[in-house]
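The next block holds one structure in the form of structure tokens; read it before the comments.
Atoms within each ligand, like the ligands themselves, are counted from 1 in listed order.
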Amino acid sequence: MKDDYSFIAPYYNRLAKMVFGRKLQEAKNCFVSEIEVKKILLIGGGDGMDYREIAKKLHGQYWEKSQSMLELAKGNLSESSLSFHLGEFKPDGSVLFDEVWLHFVLDTMEDQEISNLIAFLRSAIKTNGRLYFVDFFEAKSLWQKGIQEVMLGFFRVFAAHKRKNIPDYEKLFLQDGWVKSEEKNLMKGWVRAQIWSHH
Ligand SMILES: C[S@@+](CC[C@H](N)C(=O)[O-])C[C@H]1O[C@@H](n2cnc3c(N)ncnc32)[C@H](O)[C@@H]1O
């Protein structure tokens with residue numbers, strides 16, 4: 001599989017911190033609770049840097065499409081009990097998870113890819129399990145709109161992203177029968193952390 005993040009993987013976290021400070025890390029950690037008793041499925045976790053403080057409590061599976069990101073995550077999360085997997089997650093029915101984390105990964109996918117993934121995930125989550133989703137939504141201010149345009153262009157050039165816009169995530173979740181139960185807005189709602197479940 002081609003590694004679209006091989007060029008930016010070593011700089012990714014530093015760049016994100018330069019532009020957003022600790023806001024993205026905050027969004028990825030704001031709904032973390034009782035993880036020591038949960039089996040977690042992390043998809044597209046990147047270099048894993050922002051989970052280092054909770055690494056010791058993490059167990060479950062970590063899936064990354066980029067070999068470079070996965071290698072960094074193995075180092076950053078070496079104290080965790082996660083198993084690390086290269087490629088795209090496909091449920092095989094053998095393991096059910098308490099929680100799935102999709103943090104800043106759906107915005108890299110086409111609508112159809114998002115729909116396929118969240119439909120797969122229904123069969124990978126326990127009955128009372130939850131999906132912890134975090135991503136960029138429509139930019140609010142002029143400044144945010146400018147940064148968003150630059151980011152979309154940057155990732156198209158350096159990480160082969162296909163999208164030119166932000167997905168309508170909520171429509172796709174609702175179409176697939178998911179229900180939103182919690183939400184935290186950061187940066188006036190440009191970044192949102194949400195909890196979804198499927199009954
Ligand atoms: C924009 S980066 C975000 C990384 C990390 N979540 C963060 O917030 O720093 C998106 C990551 O998702 C990975 N990715 C994209 N599609 C994926 C898929 N279907 N399965 C696993 N990883 C995927 C990419 O390789 C990349 O590392």
Ring centroids only, cut at 6.0 angstrom: are Trp190 and Phe20 within range, meaning strictly under it? yes
Around [atom], find the nearest protein heavy atom and jot down its residue, atom name and distance.
{"atom": "atom 25 (O) of ligand 1", "value": "Glu64 OE1, 2.8 Å"}
{"atom": "atom 15 (C) of ligand 1", "value": "Val105 CG2, 3.7 Å"}
{"atom": "atom 23 (C) of ligand 1", "value": "Lys65 CB, 3.6 Å"}

At a non-hydrogen distance cut-off of under 4.0 Å, which region of Phe104 contacts ligand 1 (side chain, backbone, both, or neither)? both
Checking the N or O distance criterion of under 3.5 Å, is ligand 1 in contact with [X]?
{"X": "Gly44", "value": "yes"}
{"X": "Lys28", "value": "yes"}
{"X": "His161", "value": "no"}

For ligand 1, which atoms sit closer than 4.0 Å to a heavy atom of [X]?
{"X": "Met69", "result": "27 (O)"}
{"X": "Gly45", "result": "5 (C), 6 (N)"}
{"X": "Met109", "result": "16 (N), 19 (N)"}

Test applied, ring-ring contact (aromatic ring centres under 6.0 Å, His included); reference residue, His103; option that passes from Tyr132, Phe136, Phe31, Phe133: Tyr132
ring-ring contact (aromatic ring centres under 6.0 Å, His included) partner of Trp63, chosen from Phe120, Phe97, Phe89, Phe84: Phe89
Against ligand 1, does Gly87 come closer than 4.0 Å with any heavy atom? yes
Applying side chain to side chain donor-acceptor pair (under 3.5 Å) to Gln112 and Asn116, what does each step give before you reach the verdict? CA-CA 6 Å; Gln112 193 55 53; Asn116 293 346; 3.1 Å; yes
Under 3.5 Å, is there a donor-acceptor pair between the Gln148 and Gln144 side chains? no
